[in-house]
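We count ligands from 1, going down the list as the structure has it; atoms in each ligand are counted the same way. Computation of the quantities below employed the complete heavy-atom set of this structure, encompassing side-chain atoms and omitting hydrogens, waters and symmetry-equivalent molecules.
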Amino acid sequence: MTRGIFPRRKAPDNLPRAAHWAATAVCRSSDADPDVWFPDPTDAVGIGEAKRHCRLCPVLIQCRTDALNRPERFGVWGGLDEAERAAVLKRRRADARAEAARQQTAEVTAGELAPAS
Ligand code: SF4
């Protein structure tokens, strides 16, 4: 029986890990009330308060990107409320469709212009 080329034992995995970006989030601080970031979607004052906190947050961009990628449906994330995130995602889908159509048109055009073999 061969033992292969890999060592039988692995080195201990005790390397330091970089802290997750959310570790410095304003909404994770000990004195933050989590309910602030989940106002009623019709509560403009509550939404504004959550956005004010987000504007001071050092990880706003990471949070916004993460919330859009999940996508997060409820609450204020990365300074965007539910309607704003929905609008961004709708625009992204429209852009993706337009890009797919543009590529399809380019492929058809290239095929028409290719010399007959
Ligand atoms: S930007 Fe994101 S991580 Fe920062 S306070 Fe707002 S919801 Fe929390």
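Distance check for C57 against atom 2 (Fe) of ligand 1: none of its N/O/S atoms falls below 2.8 Å. At a threshold of 2.8 Å, atom 6 (Fe) of ligand 1 has no backbone or side-chain N, O or S atom of H53 nearer than that distance.
Counting heavy-atom neighbours within 6.0 Å of Q103 CD, excluding the residue itself, gives a total above 12. More than 12 heavy atoms of other residues, nucleotides or ligands shown are found within 6.0 angstrom of CZ on R70.
Taking every heavy atom of L60 and a limit of under 4.0 angstrom, the matching atoms of ligand 1 come to 1 (S). With ligand atoms numbered from 1 in the order given, ligand 1 contributes 7 (S) to contacts under 4.0 Å with heavy atoms of V76. Residue G78 has at least one heavy-atom neighbour below 4.0 Å for each of these atoms of ligand 1: 1 (S), 2 (Fe), 7 (S). Of all atoms in ligand 1, listed by their number and element, those nearer than 4.0 Å to a heavy atom of C63 are 1 (S), 2 (Fe), 3 (S), 7 (S).
The protein heavy atom nearest to atom 3 (S) of ligand 1 is A25 CB, 3.4 Å. When only non-hydrogen protein atoms are considered, atom 8 (Fe) of ligand 1 lies nearest to C27 SG, 2.3 Å. Protein heavy atom closest to atom 6 (Fe) of ligand 1, with residue, atom name and distance, is C54 SG, 2.3 Å.
Using a distance-only test at 3.5 Å, with no hydrogens or angles considered, no donor-acceptor pair links the side chain of R64 to the main chain of L80. One N or O on the side chain of N69 and one on the backbone of T65 form a donor-acceptor pair closer than 3.5 Å.
Taking every heavy atom of both residues into account, A83 and D81 meet most closely at N-OD1, 3.1 Å.
Paired with H53 under the rule side-chain contact (heavy atoms from CB on, under 4.5 Å), one option of D33, V36, V76 passes, and it is V36.
Not a single heavy atom of L56 sits under 4.0 Å from any atom of ligand 1.
Follow the hydrophobic side-chain contacts under 4.5 Å out from V88 and you never reach L60; the two are in separate clusters.
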